[in-house]
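Comments concern the structure below.
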Amino acid sequence: MTVPSAVSAARTILTRLHDVMASRNHAQAKLNTVVEVIGEGLDSEVCSIYLLREGMLELFATRGLAQEAVHVTRMAIGEGLVGTIAENTETLNLAEATAHPDFSYRPETGEDKFHSFAGVPIVRRERAVGVLCVQHVDPRRYEEVEIEALQTTAMVLSELISNAALVDEEEVAGLSPKLSGPQRLSGLTLVKGLAAGAAVFHQPRITIEHVMADDRDAELQRVYLAFDKMREQIDRMQAQAEFGVGGEHEEVLETYRMFAYDEGWSRRIIEAIDSGLTAEAAIERVQQRTRMRMRQIDDPLLADRMHDLEDLSNRLLRIVSGQMGTAASMGLRQDSILIARNLGPAELLEYDKRRLKGVVLEEGSLTAHVVIVARAMGIPVLGRVRGLRGVIRDGDPLLLDADKGDVVARPLPAVAEAFEARFAKSKERAAAYAALRDVEPFTRDGTRILVMMNAGLRDDMPNLALTGADGVGLFRTEFQFLVSATLPQRERQTRLYRDVMESAGDKPVVFRTVDIGGDKVLPYLRHNDGEHEENPAMGWRALRVALEREGLLKVQARALLEAAAGRTLNVMFPMVSEPWEFDAAKAVFESQLAYLRGLKKKLPEAIRYGAMLEVPALAEQLDILAPRLSFLSIGTNDLTQFLFAADRSNPKLAERYDWLSPAIMRFLRRVLAGVVGHEVDVTVCGEMGGRRLEALALMGIGIRRLSITPAAVGPIKELVRKVDLTDIGTAMNQWLVSPPPDLRAALTAWAQERDIDVD
Ligand code: PEP
Ligand code: MG
């Protein structure tokens with residue numbers, strides 16, 4: 001068949017299929033007509049439909065093969081050409097069927113005289129539920145348009161099968177073609193821990209209900225509108241990229257834009273609608289075609305781009321079908337492990353904490369806020385897992401081992417058992433840590449190390465009693481702003497701060513004023529000038545925002561002061577870069593205090609002001625600031641990104657720089673030296689303090705106060721009790737004078753020699 005005639009044949013097929021689908025015939029009669037329509041349309045001697053029944057692919061209808069074979073010929077998944085197509089959910093196009101290694105001859109069909117063979121899977125919920133194939137006497141490969149006509153027909157059949165309940169949906173759900181076998185994927189541990197549960201995609205795939213369109217113009221209109229909306233979204237995301245909306249990165253957004261405006265892509269979708277498909281089916285159809293082409297190209301870079309196009313195609317599908325919700329909006333049904341390319345912290349917080357057991361990301365980095373939130377929620381996270389979508393499907397059972405850094409999909413029973421055993425052990429360990437709850441962490445040589453926890457929401461507070469932490473060393477007040485749809489009013493803030501202090505009882509809570517910007521996006525708070533920032537982490541964020549939007553800081557100051565009536569208020573300012581910024585922020589509090597005093601309101605008993613040291617410049621002026629401070633909290637997450645000029649949320653840099661580098665350790669030691677002689681408590685509140693090896697090094701340079709993620713309180717307490725400060729102090733001193741090639745390795749060996757567990 002020539003290409004133009006193949007194109008017109010494909011059109012005719014679709015028009016006729018439309019009539020078949022609209023007819024009131026019985027499902028079997030429809031199948032019988034479909035094979036005739038395809039056979040005639042493609043001028044094929046044979047056209048057959050195999051459908052899944054009781055785990056086997058059964059011949060349901062045929063034109064050209066022996067009719068006696070209908071409902072008799074059955075193939076297992078993976079058996080013969082038909083079984084192979086179903087197993088791999090892949091198309092086969094062969095000039096000589098018998099030459100294929102998987103060919104299996106079925107005498108009852110009388111197929112020996114046919115040479116060429118083309119078959120496509122009929123897919124339902126990402127699983128092959130059948131196969132549609134054609135055969136020819138002449139040995140020839142089919143034209144691309146013919147294969148496309150087959151694929152489109154397969155989509156129509158999938159709808160027919162579902163409407164007529166021709167295959168058992170439960171069987172489909174449990175079906176296991178190639179992707180059903182066990183698969184192990186590895187990644188980067190972002191939050192340690194183990195979890196077992198069912199895979200849930202943050203952005204679920206769209207189920208296409210209708211394939212054949214009734215009104216072509218209406219479908220075109222829908223897809224035009226969807227394209228406009230999608231382009232608008234992408235442009236908006238790019239304009240707001242300083243807040244990393246949805247966690248997407250600049251580079252990804254650029255690719256999105258490229259595809260979103262790609263003429264070829266939209267043209268192909270429009271052509272598919274022209275041929276009679278609904279907008280949804282047309283988008284999916286074009287996507288299938290791209291997938292097929294990409295499979296033939298073995299280039300990892302292209303595979304990445306393919307992934308972007310797949311994302312965008314799904315976005316377009318969501319817009320056109322109106323199925324916009326994430327898995328969070330639909331609610332989690334059971335123990336779930338969330339799968340996403342990346343997430344924003346607010347998106348993660350939308351999930352039901354009791355049902356969400358783990359997160360697997362294709363991107364992600366250790367200090368991205370979504371990871372900090374997950375850590376606080378006690379949810380293990382594995383990041384930088386490539387090719388997730390191709391291997392894991394919605395509902396697949398998963399075993400997530402974020403300790404070892406891998407996830408197993410559809411595990412074999414033996415693997416699941418071994419995992420269970422490890423899980424039980426880790427629960428035992430957790431119980432052992434919990435037993436340390438009331439034990440004060442003294443080092444072997446008798447120094448009390450303060451082990452506090454980080455928090456950000458009311459829900460985090462029960463962890464204080466559960467872990468026995470010494471207080472909240474960092475309360476990230478911006479989390480309340482992140483989870484609200486609108487700017488939290490003063491009364492709401494006051495209530496939260498009061499509740500938090502009350503639940504802390506006698507233990508101190510250090511409130512940090514709002515630290516927004518960077519990767520913490522507030523949709524309702526935009527740039528004054530709406531300008532796009534090239535480097536949001538170094539941009540308009542934290543105290544810079546608060547000092548410019550004085551109203552914001554005033555409201556928060558008033559809320560904190562009122563909430564702390566009769567108590568000590570500990571407040572600190574994020575991202576202080578120069579002493580005057582601290583003074584200016586403190587002045588806002590002092591003027592609010594004076595105002596409240598004027599109103600004869602009950603005031604805090606004392607106010608302790610502190611600064612966060614996150615910007616290296618402040619270290620150079622510490623001697624000036626120190627006399628005005630009650631405490632200093634070192635935010636190593638930001639500090640290290642600025643020291644190394646390495647964006648903390650850039651996944652490419654996630655493993656590049658080590659907290660245990662002489663540069664960081666020497667710098668921290670200098671900070672400590674900078675406050676000697678002043679009454680300033682120094683705490684480390686970045687994520688590194690919650691890791692045992694890092695905590696050991698920090699104690700070695702003189703840090704005595706840590707504020708860490710709640711899950712790390714037990715493990716760090718246990719560590720503290722094994723450490724001799726003089727011993728580690730001497731070792732660190734020597735290493736920092738003349739650094740070993742690998743400080744991490746040296747520390748690990750040191751700890752092992754002393755039987756100190758640092759994993
Ligand atoms: C830090 O930067 O180390 C810190 C504790 O603050 P955050 O992670 O919220 O930026
Ligand atoms: Mg910070």
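Just so you know, ligand 1 is whichever comes first in the structure, and atom 1 is the first atom listed for that ligand. Basis for what follows: all heavy atoms, side chains included, without hydrogens, waters or symmetry-related copies. Source: prediction; values computed, not measured.
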In plain terms, say whether Glu694 and Arg744 are close enough for a salt bridge, that is, a side-chain N and a carboxylate O under 4.0 Å apart.
yes
Taking atom CG of Leu487 and atom CD of Gln489, what is their separation to the nearest 0.5 Å?
6.5 Å
For Thr477, side chain to side chain donor-acceptor pair (under 3.5 Å) partners two or more places apart
Gln556
Leaving waters out, which protein N, O or S atoms fall under 2.8 Å from the Mg ion (ligand 2)?
Glu614 OE2, Asp638 OD2
Take the angle between the ring planes of Phe644 and Tyr657 and call it parallel below 30°, perpendicular above 60°, tilted in between.
parallel
At a 4.0 angstrom heavy-atom cut-off, what protein residues surround ligand 1?
His369, Ile372, Leu474, Arg476, Arg512, Asp515, Lys520, Met612, Glu614, Gly635, Thr636, Asn637, Asp638, Arg648, Cys685, Gly686
Give the ring-plane orientation class for Phe582 versus Phe573, where under 30° counts as parallel, over 60° as perpendicular and anything between as tilted.
perpendicular
Under 3.5 Å, sequence neighbours excluded: what are the donor-acceptor pairs made by side chains of residues 675-689?
unit_1, atom_1, unit_2, atom_2, d
Asp681, OD2, Arg608, NH2, 3.0
Thr683, OG1, Arg705, NE, 3.4
Glu687, OE1, Arg375, NH1, 2.0

Looking at Glu478 and Arg512, does any basic side-chain N land under 4.0 Å from a carboxylate oxygen?
yes
Polar contact flag, side-chain donor to acceptor under 3.5 angstrom, Asn454-Ser707:
yes
Between the side chains of Arg628 and Asp583, is the shortest nitrogen-to-carboxylate-oxygen separation below 4.0 Å, so that they form an ion pair?
yes
